[in-house]
Amino acid sequence: MLIGADWCDAASGRRLEVRDPATAEVVTTVPAAGAEDVDRAVKAARTAFEGREWGGARPVDRERWLLKLADLIETHAAEIAEIETIDNGKPLVISQRVDVPSAVDFVRYCAGWATKIEGTTVEPSLPGFRKNEFFAYTRREPVGVVGAIIPWNFPLLMAVWKVAPALAAGCAIVLKPAEDTPLTALRLAELALEAGFPAGAVNVVTGEGPSAGAALAAHAGIDKVAFTGSTAVGKRIGQAALENMTRISLELGGKSPVIVLDDVDPAVAASGAANAIFFNSGQVCVAGSRLYVQRKVYDAVLDGVSTIAGKMRIGPGLEKGTQLGPLVSERQLDRVAGYVRTGLEEGATLVAGGSRHGTRGWFHQPTILTGAAASARVAQEEIFGPVLAIIAHDGDDDAVAIANNSVYGLSGAVFSKSIERARAVADRVRTGTISVNGGSFFSPAVPFGGYKQSGIGREMGKLGFEEYLEVKSVAEGVK
Ligand code: NDP
């Protein structure tokens, strides 16, 4: 792992196995950082943040290094995509067409912000002073040392979503990747050094959540925690951060509703709904895992989604033609299988899939459950696998009510031929993002984040960048 300029082992010497989800075989090992290593990394970041080379770098230098980093990721795109697929299991085409190019685009987008940080001038009114005897302005300053903790579903992309805005703002960062998928974060750190970032601007500690992650979130030497992962861990991180008044941005779980209205072409809606849940084997925070279909088109849409599920090519990510790769770990496979059992115990009916696929690796069939109550666990809890609950609704008001019956508020989708009708429904759904007649979308310039228990703060866009800045108000007496 990278601390300052050193590629180092954990102080304890302990290592973690990294397995290929398609075979369950160990591909390599990485250091298992403990609190002592995290402390060293935070100190290295602080030294860089306060030092001449990084702390004193001009906005144009940060922009140039970020652009160079984007170029280097692009140059090594094929290799990075392959690492991602071996580490996470996802089909190589997804790594090649989504993960890596989106990371490149996002780093370039953030590079542009480095030179566009602006404050304001303000005319203050103070008792006892005349106009123009005081002058005030605001400065946007980097928040400081950032601790970033990320999940395993889009390892490179989640890393750059935190690293790139932090560096554009002038922060130094300590990144802890998920223990299941640490490899592209390490490669990213290597490329950051090659791009010219001074030592200590980027540090990567590999390790487990409850030890390395918890030590980072609770460290009094960091100024901000940026976390993506489950709501349960997010709450713990938020509590630890509050102890030191550390700034937080939390991108947490979701149970995103896909609402189909009765004027749709059922084939179009079925294809959109299938993509919303089965993309990346359902291991997506915005996965459309609750499908609400208006009764008139319910059978046709159910039939369409089931047909797509039944035909999906399941296989190793490196195998050509694979549409559905394995789940990331045995733990995740057990979790998904457990939810399917729970759904059936709660009275749902299985209409597609339902089981593990094969015996080697951690594959699960695309699975569809019908007849679950809107309050059932499979319709309320984040499963994070290729499992879809389909429920009938009785029209726009009913759909909005069941969609909003959730502790989550991350994302959603509405399908209708009438843009006016779809927009009216979308406006009433309490989620941070929502799409109309399309799948979930991510664009560097569009803010992303959750309402309710899906998080605090935004990533991407100007709002996401500003999460890495503080505001300082300066007042000057001009007499
Ligand atoms: P976690 O929330 O546990 O993991 C996310 C990150 O947090 C990982 O880096 C993890 O480390 C770290 N972490 C875990 N525990 C702590 C802790 N106490 N303090 C600090 N950091 C910690 O998700 P899981 O990997 O356990 O997945 C469980 C479920 O979470 C999934 O099934 C899914 O429902 C949800 N999830 C949601 C995501 C989203 O984007 N909305 C992303 C990932 C998961 P480590 O890898 O070592 O555990």
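In listed order, ligands and their atoms are each counted from 1. Only heavy atoms go into these numbers, but all of them, side chains included; no hydrogens, no water, no symmetry mates.
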| Protein contact of atom 13 (N) of ligand 1 - nearest heavy atom, named by residue and atom, plus distance | G209 CA, 3.3 Å
| message | Taking the six-membered ring of F154 as reference, does the cationic atom of K90 (NZ for Lys, CZ for Arg) lie under 6.0 Å from its centre and within 45° of its axis? | response | yes
| remark: In ligand 1, the atoms that come under 4.0 Å of a heavy atom of R236 are 18 (N)
| Where is the nearest protein heavy atom to atom 44 (C) of ligand 1: which residue, which atom, and how far? | F384 CE2, 4.0 Å
| message | Check D334 with R341, please: is the shortest side-chain N to carboxylate O separation under 4.0 Å? | response | no
| Considering only the protein, which heavy-atom contact is closest to atom 40 (O) of ligand 1, and what is its distance? | C285 CB, 3.2 Å
| task | Enumerate the atoms of ligand 1 whose separation from the nearest heavy atom of L252 is less than 4.0 angstrom. | result | 41 (N)
| remark: Rounding to 0.5 Å, atoms OG (S230) and NZ (K235) come to a distance of 10.0 Å
| said: Contact between ligand 1 and S454 is defined here as a heavy atom of the residue under 4.0 Å from a ligand atom; is it met? | reply: no
| What closest approach, in Å, do A372 and V378 show between heavy atoms, and which atom pair accounts for it? | CB-CG2, 3.9 Å
| Closest protein heavy atom to atom 26 (O) of ligand 1, given as residue, atom name and distance to 0.1 Å | R331 NH1, 3.2 Å
| query | Counting both backbone and side chain atoms, is some N or O of T228 under 3.5 Å from an N or O of ligand 1? | reply | no
| Heavy-atom contacts under 4.0 Å between L216 and ligand 1: side chain, backbone, both, or neither? | neither
| Top protein contact for atom 43 (C) of ligand 1, by heavy-atom distance | P151 CB, 3.4 Å
| remark: re atom 3 (O) of ligand 1, the protein heavy-atom contact at minimum distance is V233 CG2, 3.4 Å
| said: Looking at R15, I want to see if its CZ is surrounded by more than 12 non-hydrogen atoms of other residues, nucleotides or ligands under 6.0 Å. | reply: yes
| remark: Per-atom filter on ligand 1: closer than 4.0 angstrom to a heavy atom of Q332 are 31 (C), 32 (O)
| said: Could you tell me, atom by atom, which parts of ligand 1 come under 4.0 Å of a heavy atom of G213? | reply: 19 (N), 20 (C), 21 (N)
| Geometric N/O contact R335 with ligand 1, under 3.5 angstrom | yes
| task | Find all atoms of ligand 1 within a distance of less than 4.0 Å from any non-hydrogen atom belonging to G253, and give their numbers and elements. | result | 41 (N)
| query | Does a donor on one side chain sit under 3.5 Å from an acceptor on the other, for S411 and T431? | reply | no
| said: Taking a cutoff of less than 4.0 Å between a non-hydrogen atom of the residue and any ligand atom, is Q283 in contact with ligand 1? | reply: no
| task | Looking only at distances, please establish whether an N/O atom of ligand 1 is found under 3.5 Å from an N/O atom of D180. | result | no
| Are F49 and W54 an aromatic pair by the rule of ring centers under 6.0 Å? | no
| Any idea which atoms of ligand 1 are less than 4.0 Å away from a heavy-atom of I149? | 6 (C), 7 (O), 9 (O), 12 (C), 21 (N)
| message | Can you report which non-hydrogen protein atom sits closest to atom 9 (O) of ligand 1, along with the distance? | response | I150 O, 2.8 Å
| Contact check: E208 vs ligand 1, nitrogen or oxygen atoms, below 3.5 angstrom | no
| task | May I ask you to check whether over 12 heavy atoms, not counting those of E36, lie within 6.0 Å of atom CD? | result | no
| said: Looking at ligand 1, is there an atom of it that comes within less than 4.0 Å of some heavy atom belonging to E381? | reply: no
| query | Can you name the closest pair of heavy atoms from A270 and I308 and give their distance? | reply | O-CD1, 3.9 Å
| remark: In terms of its nearest heavy atom to atom 7 (O) of ligand 1, the top option of F154, F227, W152 is F227
| Rounded distance (nearest 0.5 Å) linking atom CG of N280 with atom CZ of F384 | 8.5 Å
| said: So does P316 get a backbone contact from the side chain of T322, meaning a donor-acceptor N/O pair under 3.5 Å? | reply: yes
| task | Would you indicate whether K452, at its atom NZ, is surrounded by more than 12 heavy atoms from other residues, nucleotides or ligands within a distance under 6.0 Å? | result | yes
| task | Could you tell me whether R430 atom CZ has more than 12 heavy atoms of other residues or ligands within 6.0 Å of it? | result | no
| said: I need the minimum non-hydrogen distance between L344 and L369, along with the two atoms involved. | reply: CD2-CD2, 3.9 Å
| Do the two ring centres, one from W113 and one from Y468, sit under 6.0 Å apart? | no
| query | To which of A178, S230, G207, G282 does the heavy atom nearest atom 1 (P) of ligand 1 belong? | reply | S230
| query | Atoms of ligand 1 less than 4.0 Å from A214 heavy atoms? | reply | 19 (N), 20 (C)
| Heavy-atom gap G254 to ligand 1 smaller than 4.0 Å | no
| query | In terms of residue, atom name and distance, what is the protein heavy atom nearest to atom 45 (P) of ligand 1? | reply | E179 OE2, 3.4 Å
